[in-house]
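Chain letters run A, B, ... following the sequence lines, proteins first and then strands; every chain starts at 1.
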Number of protein chains: 2
Amino acid sequence: MDERRIGSLRFTIDFSQPLYEQILSQMRSLIAKGEIDVGEKIPSVREMAHELKINPNTVMHAYQELERDGLTEKRRGQGTFVTNSVTQIRHFKERLALDYTREFLLNMRNLGFRPDEIEAYLEKLTHGKGGL
Amino acid sequence: MDERRIGSLRFTIDFSQPLYEQILSQMRSLIAKGEIDVGEKIPSVREMAHELKINPNTVMHAYQELERDGLTEKRRGQGTFVTNSVTQIRHFKERLALDYTREFLLNMRNLGFRPDEIEAYLEKLTHGKGGL
DNA sequence: GAAGTGTATTATTTGATATAATACACTTGA
DNA sequence: TCAAGTGTATTATATCAAATAATACACTTC
């Protein structure tokens with residue numbers, strides 16, 4: 001587990017997942033939660049690679065996925081910027097939320113849980129002592 | 001997408017995931033839902049490999065995980081059997097349900113959803129027209 | 001003892017992941 | 001103008017997980 005600060009952003013890298021996926025998911029989260037502003041510049045490929053001590057190609061991989069998500073736009077010679085479209089970001093969140101929820105429901109149903117049981121279980125876990 | 005019947009069991013194999021993981025998750029589901037009875041014999045490594053047209057070693061991999069889950073017991077010269085312990089199976093379901101739910105909550109929170117929003121979203125999706 | 005079990009070993013292939021080194025195209029600003 | 005900083009592309013290499021292949025061994029049942 002390795003933690004690095006890049007500008008005002010905090011990144012945590014380990015070896016449990018592919019590096020580019022870790023960058024991708026953390027960047028998605030930062031943008032989705034508005035911790036990076038709309039239109040704001042994100043760290044350059046080279047800076048990110050240098051700070052995280054990984055290869056620029058690996059960062060590139062993550063950044064290309066971000067653009068496919070519609071979350072960023074690249075400007076040659078300038079850098080990579082979060083999209084100005086709040087709508088784009090909202091759509092991304094809706095898309096991913098739907099994916100996550102469907103996967104969760106499928107997993108639980110494969111264990112034999114019925115829809116009402118799933119809701120009850122989630123509620124119990126959410127409201128339980130200790131939270132989460 | 002390839003579908004095979006092995007005895008009374010139905011298996012579906014594709015190339016979206018590692019083969020042993022597909023066997024593992026489908027077998028887990030069959031046992032968890034009681035579609036294979038407690039104490040019942042499951043297909044032999046060789047039979048499964050032959051029917052699914054894959055390598056016995058790959059089936060072995062999945063079966064070893066099943067045993068680590070506490071869902072099966074192996075008897076040399078006889079075969080692999082679902083555990084007789086209903087408690088074991090219940091514990092496995094509780095363990096996995098907790099994992100799935102925690103992962104789901106983490107994913108949603110990373111998108112900026114608050115706990116009450118997550119519950120509301122799940123409920124909306126579950127009770128919506130079309131189901132699932 | 002033959003047939004069917006799980007198990008172990010060794011070798012090989014394939015694809016995803018990551019690194020490395022380099023070069024090119026574009027933009028900005030001194 | 002040109003240096004510095006951007007994204008991009010290419011080629012080569014290394015590593016590891018996943019899967020296959022071929023065999024052999026130990027055990028159980030009939």
| message | Applying salt bridge (Lys or Arg N to Asp or Glu O under 4.0 Å), can you list everything that pairs with K74(A), at least two apart in sequence or on another chain? | response | E67(A)
| Does the ring of F81(A) carry R75(A) above it, NZ/CZ under 6.0 angstrom from centre and within 45° of its axis? | yes
| task | Determine the contact category for Y63(B): base if any of its heavy atoms lies under 4.0 Å from a base atom, sugar-phosphate if only primed atoms, P, OP1 or OP2 are that close, otherwise nothing. | result | nothing
| message | For a 4.0 angstrom threshold against heavy atoms of chain B, report the outermost contacting nucleotides of DNA chain D in 5' to 3' order. | response | dA18(D) to dT29(D)
| note | Taken to the nearest whole Å, CE/M60(A) to P/dA18(C) is 15 Å
| query | Expressed in angstrom and rounded to an integer, what is the separation of H61(A) atom NE2 from dG15(C) atom P? | reply | 17 Å
| Between N57(B) and E47(B), which has a closest nucleotide on DNA chain C that is more 5'? | E47(B)
| said: Is there a side-chain contact between F92(B) and L66(B) in this structure, where contact means two heavy atoms from C-beta onward sitting under 4.5 Å apart? | reply: no
| request: Starting from P on dA18(C), measure out to CD on Q64(A) and report it in whole angstrom. | output: 14 Å
| field | I42(B) CD1 to dG4(C) C1', straight-line distance once rounded to whole Å | value | 16 Å
| 5′-ward residue of the pair E21(B)/V45(A) relative to DNA chain D | V45(A)
| task | Using atom NE2 of H50(A) as one end and atom P of dA20(C) as the other, report the distance to the nearest whole Å. | result | 13 Å
| task | Working to the nearest 0.5 Å, report the span between CD of E123(B) and CD1 of I118(A). | result | 13.0 Å
| On DNA chain D, nearest-nucleotide positions of R46(B) versus I54(B): which is more 5'? | I54(B)
| Do other residues, nucleotides or ligands put more than 12 heavy atoms under 6.0 Å from the CZ atom of R90(B)? | yes
| message | For Q22(A) and Q78(A), find the nucleotide of DNA chain C closest to each by heavy atoms; which residue's nucleotide sits nearer the 5' end? | response | Q22(A)
| Hey, what's the ring geometry for F113(A) with Y121(A), parallel, tilted or perpendicular (30° and 60° as the breaks)? | perpendicular
